Amino acid sequence: KEIQLQGIPNTFNLFESVHPSSEQALMGTTWIQKLRLALEEDRVFPLFHPIVDNQTQNIISYECLARIEEEGCIVTPGSFLEAARRSGLMGNITRTMINKCFKIFADKEIAFSLNITNEDLLNPTFIDFLTLKQRQYGIKPERIVLEILEDIILNDSNHTSLKNLKNFKILGYKIALDDFGSDRSNFNRFEQCGVDYVKIDGQFIKGIDTLERHQNIVESIVFMAHKLGIKVVAEFVSTEAEFLMVKRLGVDYSQGYYFNQPQKLN
(Lines give C-alpha, C1' and ligand atoms only; values in the text may rest on other atoms or scores of the structure.)
Protein backbone atom coordinates (compact mmCIF):
# COMPACT_ATOMS: atom_id res chain seq x y z
CA LYS A 1 0.00 0.00 0.00
CA GLU A 2 1.29 3.52 -0.83
CA ILE A 3 0.62 6.87 0.87
CA GLN A 4 1.87 10.15 -0.62
CA LEU A 5 3.94 12.19 1.82
CA GLN A 6 2.45 15.61 2.47
CA GLY A 7 4.45 18.54 1.05
CA ILE A 8 6.77 16.35 -1.02
CA PRO A 9 5.44 15.96 -4.61
CA ASN A 10 5.75 12.58 -6.30
CA THR A 11 7.15 11.03 -3.12
CA PHE A 12 5.53 7.98 -1.57
CA ASN A 13 6.08 5.92 1.55
CA LEU A 14 5.75 2.13 1.15
CA PHE A 15 4.65 -0.04 4.04
CA GLU A 16 3.48 -3.59 4.67
CA SER A 17 -0.31 -3.80 4.56
CA VAL A 18 -0.58 -6.86 6.83
CA HIS A 19 -1.50 -5.71 10.34
CA PRO A 20 0.12 -7.55 13.28
CA SER A 21 -3.30 -8.62 14.55
CA SER A 22 -3.97 -10.19 11.14
CA GLU A 23 -0.72 -12.13 11.40
CA GLN A 24 -1.70 -13.37 14.87
CA ALA A 25 -5.12 -14.44 13.62
CA LEU A 26 -3.49 -16.30 10.73
CA MET A 27 -1.07 -18.02 13.09
CA GLY A 28 -3.95 -18.99 15.38
CA THR A 29 -5.90 -20.48 12.49
CA THR A 30 -2.82 -22.38 11.37
CA TRP A 31 -2.39 -23.89 14.82
CA ILE A 32 -6.03 -24.87 15.01
CA GLN A 33 -5.53 -26.87 11.83
CA LYS A 34 -2.26 -28.35 13.12
CA LEU A 35 -3.86 -29.29 16.43
CA ARG A 36 -6.82 -31.01 14.77
CA LEU A 37 -4.42 -33.02 12.62
CA ALA A 38 -2.19 -33.87 15.60
CA LEU A 39 -5.20 -35.24 17.48
CA GLU A 40 -6.36 -37.23 14.47
CA GLU A 41 -2.86 -38.67 13.92
CA ASP A 42 -2.31 -39.41 17.63
CA ARG A 43 0.65 -37.03 17.94
CA VAL A 44 -0.46 -35.49 21.25
CA PHE A 45 1.50 -37.18 24.04
CA PRO A 46 2.54 -36.67 27.68
CA LEU A 47 5.87 -35.85 29.26
CA PHE A 48 6.25 -36.16 33.02
CA HIS A 49 7.82 -33.62 35.36
CA PRO A 50 8.82 -34.94 38.79
CA ILE A 51 7.73 -33.28 42.04
CA VAL A 52 10.12 -33.89 44.93
CA ASP A 53 9.83 -33.83 48.71
CA ASN A 54 12.01 -30.95 49.92
CA GLN A 55 13.19 -32.86 52.98
CA THR A 56 14.15 -36.17 51.36
CA GLN A 57 14.48 -35.02 47.70
CA ASN A 58 12.61 -38.20 46.75
CA ILE A 59 10.13 -38.03 43.86
CA ILE A 60 6.62 -38.19 45.30
CA SER A 61 4.60 -37.62 42.10
CA TYR A 62 4.71 -36.52 38.47
CA GLU A 63 2.87 -33.75 36.66
CA CYS A 64 1.62 -34.87 33.25
CA LEU A 65 2.38 -32.27 30.57
CA ALA A 66 0.83 -32.22 27.10
CA ARG A 67 3.14 -32.01 24.09
CA ILE A 68 2.76 -32.34 20.31
CA GLU A 69 5.15 -34.10 17.97
CA GLU A 70 5.45 -31.88 14.88
CA GLU A 71 7.87 -32.80 12.08
CA GLY A 72 10.31 -34.45 14.46
CA CYS A 73 10.15 -31.63 17.03
CA ILE A 74 8.42 -31.42 20.40
CA VAL A 75 5.96 -28.52 20.62
CA THR A 76 5.11 -27.08 24.04
CA PRO A 77 1.65 -25.74 25.05
CA GLY A 78 2.67 -22.12 24.55
CA SER A 79 2.24 -22.69 20.82
CA PHE A 80 -1.11 -24.49 20.80
CA LEU A 81 -3.12 -23.84 23.97
CA GLU A 82 -4.74 -20.63 22.73
CA ALA A 83 -5.67 -22.40 19.49
CA ALA A 84 -7.16 -25.22 21.58
CA ARG A 85 -9.29 -22.77 23.55
CA ARG A 86 -10.49 -20.93 20.44
CA SER A 87 -11.39 -24.15 18.63
CA GLY A 88 -13.04 -25.95 21.55
CA LEU A 89 -10.40 -28.71 21.49
CA MET A 90 -9.24 -28.38 25.11
CA GLY A 91 -11.48 -31.25 26.15
CA ASN A 92 -10.02 -33.43 23.40
CA ILE A 93 -6.51 -32.78 24.70
CA THR A 94 -7.55 -33.52 28.29
CA ARG A 95 -9.17 -36.83 27.36
CA THR A 96 -6.20 -37.85 25.23
CA MET A 97 -3.90 -37.14 28.17
CA ILE A 98 -6.11 -39.10 30.56
CA ASN A 99 -6.13 -42.13 28.28
CA LYS A 100 -2.36 -42.15 27.80
CA CYS A 101 -1.36 -41.23 31.35
CA PHE A 102 -3.67 -43.73 33.01
CA LYS A 103 -2.25 -46.48 30.81
CA ILE A 104 1.32 -45.55 31.79
CA PHE A 105 0.60 -45.29 35.54
CA ALA A 106 -1.59 -48.40 35.71
CA ASP A 107 1.37 -50.60 36.75
CA LYS A 108 2.99 -47.98 39.01
CA GLU A 109 2.22 -46.96 42.59
CA ILE A 110 3.30 -43.32 42.46
CA ALA A 111 0.84 -40.39 42.33
CA PHE A 112 0.44 -38.16 39.29
CA SER A 113 -1.33 -34.92 38.41
CA LEU A 114 -3.36 -33.87 35.38
CA ASN A 115 -4.19 -30.34 34.27
CA ILE A 116 -7.90 -29.82 33.74
CA THR A 117 -9.68 -26.73 32.47
CA ASN A 118 -12.90 -24.92 33.26
CA GLU A 119 -14.32 -26.43 30.05
CA ASP A 120 -13.68 -29.88 31.55
CA LEU A 121 -15.35 -28.94 34.84
CA LEU A 122 -18.42 -27.55 33.07
CA ASN A 123 -18.77 -30.62 30.84
CA PRO A 124 -21.39 -32.89 32.50
CA THR A 125 -19.82 -36.03 30.98
CA PHE A 126 -16.27 -35.35 32.18
CA ILE A 127 -16.59 -36.78 35.69
CA ASP A 128 -18.10 -39.97 34.24
CA PHE A 129 -15.28 -40.25 31.69
CA LEU A 130 -12.59 -39.77 34.34
CA THR A 131 -14.22 -42.29 36.69
CA LEU A 132 -14.59 -44.82 33.86
CA LYS A 133 -10.89 -44.59 32.98
CA GLN A 134 -9.85 -44.73 36.62
CA ARG A 135 -11.76 -47.97 37.06
CA GLN A 136 -10.63 -49.36 33.70
CA TYR A 137 -6.96 -49.04 34.67
CA GLY A 138 -7.44 -49.89 38.35
CA ILE A 139 -6.01 -46.61 39.64
CA LYS A 140 -7.22 -45.39 43.02
CA PRO A 141 -8.57 -41.81 42.91
CA GLU A 142 -6.31 -40.89 45.85
CA ARG A 143 -3.30 -41.20 43.50
CA ILE A 144 -4.70 -38.65 41.07
CA VAL A 145 -4.25 -34.90 41.54
CA LEU A 146 -6.39 -32.60 39.39
CA GLU A 147 -4.56 -29.32 38.75
CA ILE A 148 -6.65 -26.23 38.04
CA LEU A 149 -5.91 -22.52 37.68
CA GLU A 150 -7.09 -20.40 40.59
CA ASP A 151 -9.16 -18.09 38.36
CA ILE A 152 -11.51 -21.03 37.69
CA ILE A 153 -12.71 -20.76 41.29
CA LEU A 154 -12.43 -16.99 41.63
CA ASN A 155 -14.52 -16.37 38.49
CA ASP A 156 -17.04 -19.13 39.20
CA SER A 157 -20.05 -16.83 39.57
CA ASN A 158 -22.68 -19.58 39.51
CA HIS A 159 -20.55 -22.00 41.59
CA THR A 160 -20.88 -24.78 39.00
CA SER A 161 -17.15 -25.48 38.87
CA LEU A 162 -16.93 -25.37 42.66
CA LYS A 163 -19.74 -27.93 42.98
CA ASN A 164 -18.07 -30.24 40.47
CA LEU A 165 -14.75 -29.97 42.29
CA LYS A 166 -16.52 -31.02 45.48
CA ASN A 167 -17.87 -34.05 43.64
CA PHE A 168 -14.32 -35.02 42.66
CA LYS A 169 -13.26 -34.65 46.28
CA ILE A 170 -16.10 -36.92 47.41
CA LEU A 171 -14.83 -39.57 44.99
CA GLY A 172 -11.34 -39.32 46.48
CA TYR A 173 -9.43 -37.21 43.95
CA LYS A 174 -6.92 -34.60 45.15
CA ILE A 175 -7.08 -30.95 44.02
CA ALA A 176 -4.13 -28.63 43.33
CA LEU A 177 -4.19 -24.94 42.44
CA ASP A 178 -1.63 -24.09 39.78
CA ASP A 179 0.15 -20.72 39.38
CA PHE A 180 -0.99 -19.69 42.85
CA GLY A 181 -0.43 -16.03 43.66
CA SER A 182 -0.69 -14.80 40.08
CA ASP A 183 -4.35 -13.80 40.48
CA ARG A 184 -6.58 -12.54 43.29
CA SER A 185 -5.67 -15.33 45.69
CA ASN A 186 -8.40 -16.06 48.21
CA PHE A 187 -7.77 -18.82 50.75
CA ASN A 188 -11.35 -18.78 52.05
CA ARG A 189 -12.74 -19.65 48.61
CA PHE A 190 -10.11 -22.36 48.10
CA GLU A 191 -10.88 -23.98 51.43
CA GLN A 192 -14.50 -24.38 50.32
CA CYS A 193 -13.54 -26.72 47.47
CA GLY A 194 -11.13 -28.80 49.55
CA VAL A 195 -7.84 -27.83 47.94
CA ASP A 196 -5.01 -30.23 48.88
CA TYR A 197 -2.06 -28.40 47.28
CA VAL A 198 -1.17 -24.91 46.11
CA LYS A 199 1.58 -24.55 43.53
CA ILE A 200 3.27 -21.17 43.90
CA ASP A 201 3.58 -19.28 40.64
CA GLY A 202 7.08 -19.40 39.17
CA GLN A 203 7.37 -15.61 39.08
CA PHE A 204 7.82 -15.66 42.86
CA ILE A 205 10.36 -18.50 42.81
CA LYS A 206 12.75 -17.12 40.20
CA GLY A 207 15.58 -15.39 42.07
CA ILE A 208 13.92 -15.99 45.44
CA ASP A 209 17.33 -16.57 47.04
CA THR A 210 18.14 -12.85 46.58
CA LEU A 211 14.73 -11.15 46.38
CA GLU A 212 13.38 -10.37 49.85
CA ARG A 213 9.93 -9.40 48.54
CA HIS A 214 9.51 -12.83 46.95
CA GLN A 215 10.66 -14.49 50.16
CA ASN A 216 8.02 -12.58 52.13
CA ILE A 217 5.26 -13.52 49.67
CA VAL A 218 6.17 -17.21 49.69
CA GLU A 219 6.53 -17.27 53.48
CA SER A 220 3.03 -15.75 53.82
CA ILE A 221 1.52 -18.29 51.41
CA VAL A 222 3.17 -21.17 53.29
CA PHE A 223 1.92 -19.87 56.65
CA MET A 224 -1.71 -19.52 55.50
CA ALA A 225 -1.71 -22.79 53.56
CA HIS A 226 -0.34 -24.81 56.45
CA LYS A 227 -2.90 -23.26 58.80
CA LEU A 228 -5.57 -24.73 56.51
CA GLY A 229 -3.84 -28.10 56.14
CA ILE A 230 -2.80 -27.40 52.54
CA LYS A 231 0.59 -28.55 51.21
CA VAL A 232 2.71 -26.12 49.17
CA VAL A 233 4.67 -26.79 45.97
CA ALA A 234 7.26 -24.40 44.53
CA GLU A 235 7.26 -24.42 40.73
CA PHE A 236 10.14 -23.53 38.38
CA VAL A 237 12.91 -24.22 40.88
CA SER A 238 15.98 -23.84 38.67
CA THR A 239 18.99 -23.51 40.96
CA GLU A 240 20.33 -24.98 44.19
CA ALA A 241 20.10 -21.54 45.83
CA GLU A 242 16.38 -21.29 44.97
CA PHE A 243 15.77 -24.80 46.27
CA LEU A 244 17.55 -24.15 49.59
CA MET A 245 15.56 -20.94 50.07
CA VAL A 246 12.10 -22.45 49.43
CA LYS A 247 13.04 -25.32 51.70
CA ARG A 248 14.08 -22.84 54.43
CA LEU A 249 10.76 -21.00 54.00
CA GLY A 250 8.84 -24.20 54.77
CA VAL A 251 7.67 -25.14 51.25
CA ASP A 252 6.81 -28.85 51.24
CA TYR A 253 7.61 -29.86 47.65
CA SER A 254 9.50 -28.52 44.64
CA GLN A 255 9.31 -28.92 40.90
CA GLY A 256 11.69 -27.57 38.28
CA TYR A 257 14.72 -28.00 36.07
CA TYR A 258 17.04 -28.07 39.09
CA PHE A 259 15.85 -31.63 39.63
CA ASN A 260 14.94 -32.82 36.15
CA GLN A 261 13.38 -31.81 32.85
CA PRO A 262 10.01 -33.22 31.74
CA GLN A 263 10.68 -36.77 30.59
CA LYS A 264 9.09 -39.88 29.17
CA LEU A 265 8.22 -42.81 31.42
CA ASN A 266 8.18 -46.45 30.41
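Every heavy atom of this structure was used, including side-chain atoms; hydrogens, water molecules and symmetry mates were not. Since this is a predicted model, take the numbers as computed values, not measurements.
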query: Any chance the side chains of Asn164 and Ser161 put a donor and an acceptor closer than 3.5 Å?
result: no
- request: Report the distance from atom CD1 of Ile116 to atom CD1 of Ile175, rounding to the nearest 0.5 Å.
  value: 6.0 Å
- line: The side-chain hydrogen bond (donor to acceptor under 3.5 Å, both in side chains) partners of Thr210 (sequence neighbours excluded) come to none
field: Leu165-Ile144 co-clustered via ILVMFWY side chain contacts under 4.5 Å
entry: yes
task: Measure up the Phe243 and Phe259 rings against each other and bin them: parallel (under 30°), tilted (30 to 60°), perpendicular (over 60°).
output: perpendicular
- prompt: Do Asp53 and Gln55 have side-chain atoms, one donor and one acceptor, less than 3.5 Å apart?
  reply: no
- prompt: How long is the span from the CG atom in Leu122 to the OG1 atom in Thr160, to the nearest 0.5 Å?
  reply: 6.5 Å
- prompt: Distance-only, no hydrogens or angles: does the Arg143 side chain make a donor-acceptor pair with backbone N or O of Lys108 under 3.5 Å?
  reply: yes
- prompt: Is the distance between the ring centroids of Phe180 and Phe204 under 6.0 Å?
  reply: no
- line: Rounded to the nearest 0.5 Å, the CG atom of Asn115 sits from the CG atom of Leu65 at a distance of 6.5 Å
- request: Just grab all the side chain to side chain donor-acceptor pair (under 3.5 Å) pairs involving residues 212-222, residues at least two apart or on different chains.
  value: none
message: I'd like to know whether NZ of Lys100 has more than 12 heavy-atom contacts from other residues, nucleotides or ligands below 6.0 angstrom.
response: yes
task: In sequence, state the C-alpha distance, the side-chain angles, and the governing distance for Val218 and Val232, and then conclude on side chain to side chain contact (heavy atoms under 4.5 Å, CB included).
output: CA-CA 10 Å; Val218 169; Val232 182; 5.9 Å; no
- prompt: Hey, what's the ring geometry for Tyr62 with Phe105, parallel, tilted or perpendicular (30° and 60° as the breaks)?
  reply: tilted
- prompt: Measuring from Phe126:CZ to Asp120:CG, what's the distance to the nearest 0.5 Å?
  reply: 4.5 Å
field: Qualifying residues under side-chain hydrogen bond (donor to acceptor under 3.5 Å, both in side chains), relative to Glu70, sequence neighbours excluded
entry: Arg43
- line: Output for pair (Leu244 CG, Asn54 CG), nearest 0.5 Å, gives 9.5 Å
query: Can you list every pair that meets side chain to side chain donor-acceptor pair (under 3.5 Å) and has a residue in residues 224-234, with sequence neighbours left out?
result: His226-Asp252
- request: Answer yes or no: is there a donor N or O on one side and an acceptor on the other, between the side chain of Glu63 and the main chain of Pro50, under 3.5 Å?
  value: no
field: Test item: Lys174 side-chain N/O and Asp196 main-chain N/O as donor-acceptor pair under 3.5 Å
entry: no
- request: Only counting residues at least two apart or in another chain, list the ones meeting side-chain contact (heavy atoms from CB on, under 4.5 Å) with Glu109.
  value: none
message: Please check: side-chain N/O of Gln134 versus main-chain N/O of Ile139, any donor-acceptor pairing under 3.5 Å?
response: yes
query: Hey, what do you get for CD (Glu235) to CG (Asp178), rounding to the nearest 0.5 Å?
result: 4.5 Å
message: Does Phe129, at its CZ atom, have more than 12 non-hydrogen atoms belonging to other residues, nucleotides or ligands within less than 6.0 Å?
response: yes
- request: Could you tell me which residues satisfy side-chain hydrogen bond (donor to acceptor under 3.5 Å, both in side chains) with Asp128, sequence neighbours excluded, listed by chain and number?
  value: none
- prompt: Does the side chain to side chain contact (heavy atoms under 4.5 Å, CB included) test come out yes or no for Val251 and Ile205, once each step is laid out?
  reply: CA-CA 11 Å; Val251 176; Ile205 303 303; 6.0 Å; no
